[in-house]
Every structure is written in structure tokens, then in C-alpha cells.
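This report concerns only the one structure given below.
Because only heavy atoms are used, hydrogens play no part in the values below, and waters and symmetry mates are left out as well, while side chains stay in.
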Amino acid sequence: MKKALVVLFILALAAGGGFAFLHLTRVDRYLAALGENIDFDREMAAVLSQHAGEEKVQQGLVAAIRRRAQWGYVPQSLEPADYDFIEQACRSHPPKAEGEMIEIMARLNARHGDALKHCFPGFDQDPRITSAYLSLLKGEMMKADILTDGYENVVKEVVRRQPPVNRDLIDAMIHAAGTLNIHPADDYLDGLGADPHLSAGLDAFLLTTAKTKYNKGLAFLKEQYTRHPPAARPELADAVADMYVHWASPGAGESQEFIDSMRKALEELALAIPGAAEQIRKRADESPKDSGERRSLKQLVARIAPTDSEVIQLIADAGEYMEDPDRSAIDLKFEPNKRQNDALTALLRLSDEILPSLKSTFLSSYDWGKLQVCARVMAAKNPAMLAQATIDQLRNYEQLTRDAAKDIDQNFLRRYGLPAAAGLQALKPIKGKPEVDYAFMHALSSFDQRFAQYATEALRERLDRDRFVGALFAFLALKTSYSGYEVEVYEKALQSYPDSSAAIAVNLEKMLQAAGGKPDHVPWIHKVIAFRVLQKSGQPVARKAVEKYQGDPTGYSHVTFRVDEQGEHRDEHLHRISFADMVRATLKALDGRK
């Protein structure tokens with residue numbers, strides 16, 4: 001019996017030892033799995049955490065953290081179980097906060113959030129952690145043309161910790177803002193003001209990213225250079241020129257839209273660099289003739305600082321001849337093609353010295369594309385100049401079309417109607433400028449009814465009732481002759497506003513005061529239009545102003561005629577109408593509406 005018990009005891013010890021051996025083997029097996037980059041589950045994490053005090057487990061956990069930090073270049077590469085394990089392992093057995101482990105933990109925190117921040121005692125206060133974040137910015141980030149979203153956490157951490165401003169920090173922030181447009185970095189740079197490190201860092205960024213395939217950095221540089229203009233340095237212009245030449249013949253796989261966006265971004269950047277145009281023009285002149293580099297650089301210079309001949313060429317390139325325009329040019333649309341958009345972009349960048357050339361083209365051309373480009377550039381640079389040029393063309397158009405009377409001749413339409421239409425279309429978005437309002441007032445009386453309708457709609461959009469009445473009275477004072485048709489148009493425009501009586505009365509009072517209280521010194525056209533509108537739809541509020549014109553001894557002549565097929569006037573009749581009679585009729589109409 002004792003012998004049997006001894007055997008059983010021995011067997012039990014062997015079994016227990018076997019169980020222990022099997023258990024330790026499982027730890028070893030799990031540690032080996034970590035070394036083979038095999039994902040582990042929560043059971044593995046639990047078992048290893050139970051043995052976290054053992055030296056080999058501690059070493060295995062630290063090694064696993066290192067490996068997973070390396071695999072974690074893309075945030076999504078760490079599974080939730082991996083992340084839970086790292087946090088659990090660090091909390092149960094905090095790694096020594098020194099050297100490589102500080103950098104590793106900073107990298108993991110930056111890429112995967114801030115759950116690991118408290119795994120190190122004094123994490124937030126340790127200046128070595130700040131240095132580790134800055135090392136990430138200077139190291140890995142500056143190797144890439146573009147950054148993953150996880151790097152935003154790095155920037156946020158650095159900004160939050162507010163390290164001393166130095167060139168290393170600014171270089172890293174510039175790279176972050178320029179390659180990924182990270183807002184914390186952009187905001188940080190904006191707050192630096194005129195720090196001397198900033199301009200040097202921006203120049204360095206341009207010179208080291210000349211081969212970039214992303215235009216975010218170029219747009220960022222242009223914006224920063226606009227705020228903080230760089231010194232005139234030939235090497236900056238050369239960097240832009242190199243990139244422009246590169247995108248003149250890019251490799252396969254890039255869309256034309258992307259290529260165009262890169263070239264446009266480079267043009268904007270060149271404009272922000274002092275002396276760039278002169279340096280690029282010089283380089284173009286020194287390049288081999290008929291070479292691709294020379295052609296590309298000449299094109300770049302023409303976009304940012306064209307000569308007079310290049311300006312003329314830009315306008316010519318925008319041409320779009322209308323073989324047979326519609327009866328009313330104002331109905332024509334303008335949807336600029338790429339060539340015209342390029343011309344618009346380039347011309348808008350130039351100084352106001354190009355305005356005489358634009359005006360000359362506008363007054364002499366009947367090419368729809370050229371007219372639209374000239375009009376839109378003038379509208380942006382000098383709307384008053386465009387308004388006057390448009391009025392000149394409207395006057396010519398109206399005179400010729402009235403003389404033709406029965407039909408609007410296509411030659412008149414092309415020669416004067418097209419520029420008038422292009423001018424009005426370009427002026428329409430411009431509000432708050434009386435000289436622009438006057439252009440639409442001229443169009444309001446157009447013999448071409450679609451011009452008149454377009455002007456009516458534009459004036460209703462830009463002027464309320466009182467301002468419209470005041471602008472119309474001011475406009476009428478600039479003219480010396482009026483047609484019966486024209487007067488009817490003005491009357492209809494006034495009546496289109498709900499109850500314009502009060503505004504008409506205010507203007508009648510102002511004109512009488514300006515005339516020294518003598519109604520016969522007030523221009524006849526204002527009295528005719530005011531009294532006729534008030535007779536048709538006026539309200540008693542205007543009675544007091546009208547009464548002051550009762551002693552007017554003057555009148556006006558109204559001529560009627562018909563036009564025969566040859567355009568000759570027939571059956572002319574002259575009617576003399578006294579203002580005293582008009583005032584009595586107006587007062588009677590107003591009293592009837594009390």
C-alpha cells in the first residue's frame with residue numbers, strides 16, 4: 001500500500017510539474033508569437049500580463065511594443081486587441097521612461113490617440129516627451145510629400161506643450177501645414193507674426209520640395225508669402241521654374257486637370273515672389289532655342305508678367321467669333337473655355353496699365369470672346385471705365401437701330417450690340433456704384449426691348465424704390481433729348497415699383513429747391529414723367545409737392561409721326577402741352593384717390 005502511495009505521489013508531482021511545464025511553454029509560445037508578428041487575442045494578453053513580473057516577459061512586451069510602433073505607420077494597422085494589449089502591458093509593467101521607449105510611446109500616442117499618455121509617470125510634465133514629438137516632426141514627417149491624418153495629433157501635442165520657438169520647430173510646422181494643410185500648424189505659423197525664422201523656413205520648404213507632386217504645399221507657400229513677402233532670391237524663382245518645366249511634360253498617369261491645377265498653383269506662387277518674373281524671363285532667354293524648357297518658361301512669364309505684345313496675344317487667344325448672333329445680343333451666354341479662362345486669369349494679375357488696350361479692343365472688336373474677356377477684366381479693375389465704354393456702345397447701337405426702326409440690322413448688332421451686351425453682363429454683379437447704375441439707365445430706354453428688359457431686372461436687383469427714383473431723376477438730368485418711346489419706358493419702370501409717389505414727391509421738391517423755387521427752371525423731362533406717373537397711379541402723399549408747380553408758365557412740345565417702309569417720317573404733328581394743365585390734371589387725379 002505504501003509503495004502504491006509513493007508511486008501515486010510521484011505521479012502527482014510529475015503531473016503537477018507537467019502542468020507547470022505546459023503552462024510556461026504556453027507563455028514562451030505566446031512570446032514567440034509576438035516575435036513572429038502574429039496578432040494575439042485577449043487570452044494571450046491576459047496570460048502574459050499574469051507573468052508580467054518575469055524578466056523574459058518584460059523583455060518580450062517591450063519588444064512587442066517596439067514592433068507594433070514600427071508597424072503603426074498607418075493608424076489603422078493596429079487592431080483594437082493590439083492596442084488594448086499595449087495599454088494593459090504598459091500599465092501593469094510601465095516601460096522605463098527613457099531613450100528609445102520615450103520616442104516609441106510618443107509615436108504611438110501621436111498616431112493612435114492619447115490613451116497611453118498616462119502609462120509613463122509624469123508624462124505631461126516630462127520635457128523629454130516634447131522633444132520626442134518634435135523629433136517625430138523633424139524626422140519621419142519631413143521625409144514625406146504628404147502625411148497621414150495621424151500626424152495631426154503630433155502637431156496638436158507640440159502646440160499644446162508650447163516648446164520654445166526655434167528653427168527646427170518652425171521647419172517642422174511648415175512641413176506639416178504645407179504637406180497636409182494641418183490647421184493647428186497653420187494657426188501656429190499665423191501667430192508667429194514676422195519671426196525671422198519663419199521666412200527662412202518658408203524659403204527652405206520651397207527649395208526642398210521642388211519635386212513635390214502635391215499642390216497643397218504650393219498654395220500654402222503662396223498664402224504665407226503673401227502675408228510675409230520673401231526677399232528677392234534668384235534660387236526661389238529657379239525652384240518655381242524647375243517645377244513649371246517639370247509639369248510641362250509630366251509622367252504618365254497624371255490627369256490633365258491635375259496638371260493644370262499644378263501649373264496654376266505655380267503661377268500664383270511665382271507672383272508672390274519678388275523678382276521672379278525677371279529671373280524666369282532671363283532664364284528663358286538663356287535656354288536653348290526651340291527647347292521645351294524655353295517654351296514652358298516663356299509661357300510662365302506670359303502668364304505672370306506679359307509684355308504689351310503678349311497682352312495683345314492673350315486677348316486674341318480669347319476670340320470666339322459669332323457668325324450669326326441672335327436678334328438680341330443680351331440673350332447670348334458666355335461660358336468661358338480653358339483658353340479664355342487662362343486669358344482672364346493672366347490679365348487680372350496685370351497692373352492697370354493694360355486698361356487702355358482693353359478699352360481699345362472693347363470699342364473696336366465684335367468678337368464675342370474678346371469682348372467678354374475685356375469687359376470682365378475692366379469690370380474688376382475699373383468699372384467706371386467699362387460703364388462709360390458700354391454707354392458709348394449703347395448710344396451708337398440705339399441711334400442706328402432707331403434709324404433702322406423696323407428691324408435691328410445684324411451689322412449694327414455685331415458692331416455695337418455685342419459689346420454693349422458684354423459690358424452690361426460684366427457690370428451686373430457690381431453694386432453700389434452710380435456710374436454703373438447709369439449704364440443700366442441708358443439700356444433701360446433701348447429700342448431693343450430685350451435690352452430694356454435686362455436693364456429693368458438689373459436695376460430692380462440693385463436699387464430699392466427710393467434709390468431707383470433718385471437715380472432715374474439724376475440720370476435724366478444728364479440727357480438733352482428724349483423719344484416718346486423712351487419716356488414710356490421710364491414711366492413703366494417707375495410704375496413697376498409699388499407706390500413710388502412719395503419718392504417722386506421728394507425728388508420734385510429737391511429739383512424745385514435747386515431751381516431757386518422757380519418751377520419753370522426745373523427740366524421739363526422730370527416734370528413730364530413725374531406728372532404722368534402721378535396721374536396714372538399716384539397717391540395723395542405727393543399732392544403738396546405738385547401744388548408748388550401750379551404757377552409754371554412753361555410747357556413742352558410733343559411730336560408724333562409714323563415711319564414708312566423706307567424709314568421716312570410721315571404725318572408729323574406737333575402738340576403743345578402746358579405744365580399748368582398737367583398740374584391741374586395731376587391734382588385732380590390725386591384728390592380722386594383720397
How far apart are the C-alpha atoms of K588 and D591, what are their side-chain angles, what is the distance that settles it, and do they pass the salt bridge (Lys or Arg N to Asp or Glu O under 4.0 Å) test? CA-CA 5 Å; K588 182 178 179 180; D591 291 340; over 6 Å; no

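- Ring planes of Y397 and F451: tilted class, angle from 30 to 60°.
- In this model, no donor atom of one side chain and acceptor atom of the other lie less than 3.5 Å apart for Q372 and E320.
- A donor and an acceptor atom, one from each side chain of Y244 and E267, are located under 3.5 Å apart.
- A search for side chain to side chain donor-acceptor pair (under 3.5 Å) contacts involving Q313 returns D317, not counting sequence neighbours.
- At a threshold of 4.5 Å between non-hydrogen side-chain atoms, the residues L355 and K359 do not count as touching.
- A donor and an acceptor atom, one from each side chain of D203 and Y225, are located under 3.5 Å apart.
- At a threshold of 4.5 Å between non-hydrogen side-chain atoms, the residues V546 and L590 count as touching.
- Counting heavy-atom neighbours within 6.0 Å of K264 NZ, excluding the residue itself, gives a total of 12 or less.
- Side-chain contact between I430 and L427: present, with at least one pair of heavy atoms (C-beta onward) separated by less than 4.5 Å.
- Side-chain contact between M582 and Q535 is present, with heavy atoms from C-beta onward closer than 4.5 Å.
- Counting only heavy atoms from C-beta outward, the side chains of K428 and E461 approach each other to under 4.5 Å.
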What do the steps show when you test D552 against T554 for side chain to side chain donor-acceptor pair (under 3.5 Å), and what is the final call? CA-CA 6 Å; D552 191 342; T554 62; 2.6 Å; yes

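- Other residues, nucleotides and ligands contribute at most 12 non-hydrogen atoms within 6.0 Å of the OH atom of Y366.
- Comment: K338 engages D342 in a salt bridge, judged by a side-chain N to carboxylate O separation of less than 4.0 angstrom.
- Listed here is the closest heavy atom pair of L350 and P306: CD2-CD, 2.9 Å.
- Residues P230 and A272 come closest through the heavy atom pair CD-O, 3.7 Å.
- Between H526 and F473, the ring planes are tilted. Angles from 30° to 60° get that label.
- A salt bridge links D285 to K298: at least one charged side-chain nitrogen sits closer than 4.0 Å to a carboxylate oxygen.
- With respect to E509 and K544, no salt bridge is recorded, no charged nitrogen being found less than 4.0 Å from a carboxylate O.
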For side chain to side chain contact (heavy atoms under 4.5 Å, CB included), just list the numbers for I315 and C374, CA-CA rounded to whole Å, side-chain angles, deciding distance to a tenth of an Å, and then say yes or no. CA-CA 8 Å; I315 298 173; C374 291; 3.9 Å; yes

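- At a threshold of 4.5 Å between non-hydrogen side-chain atoms, the residues D352 and N382 do not count as touching.
- Side chain of W368 to backbone of P419: no donor-acceptor contact under 3.5 angstrom is found.
- You'll find the side chain of K536 reaches within 4.5 Å of the side chain of E491, heavy atoms only.
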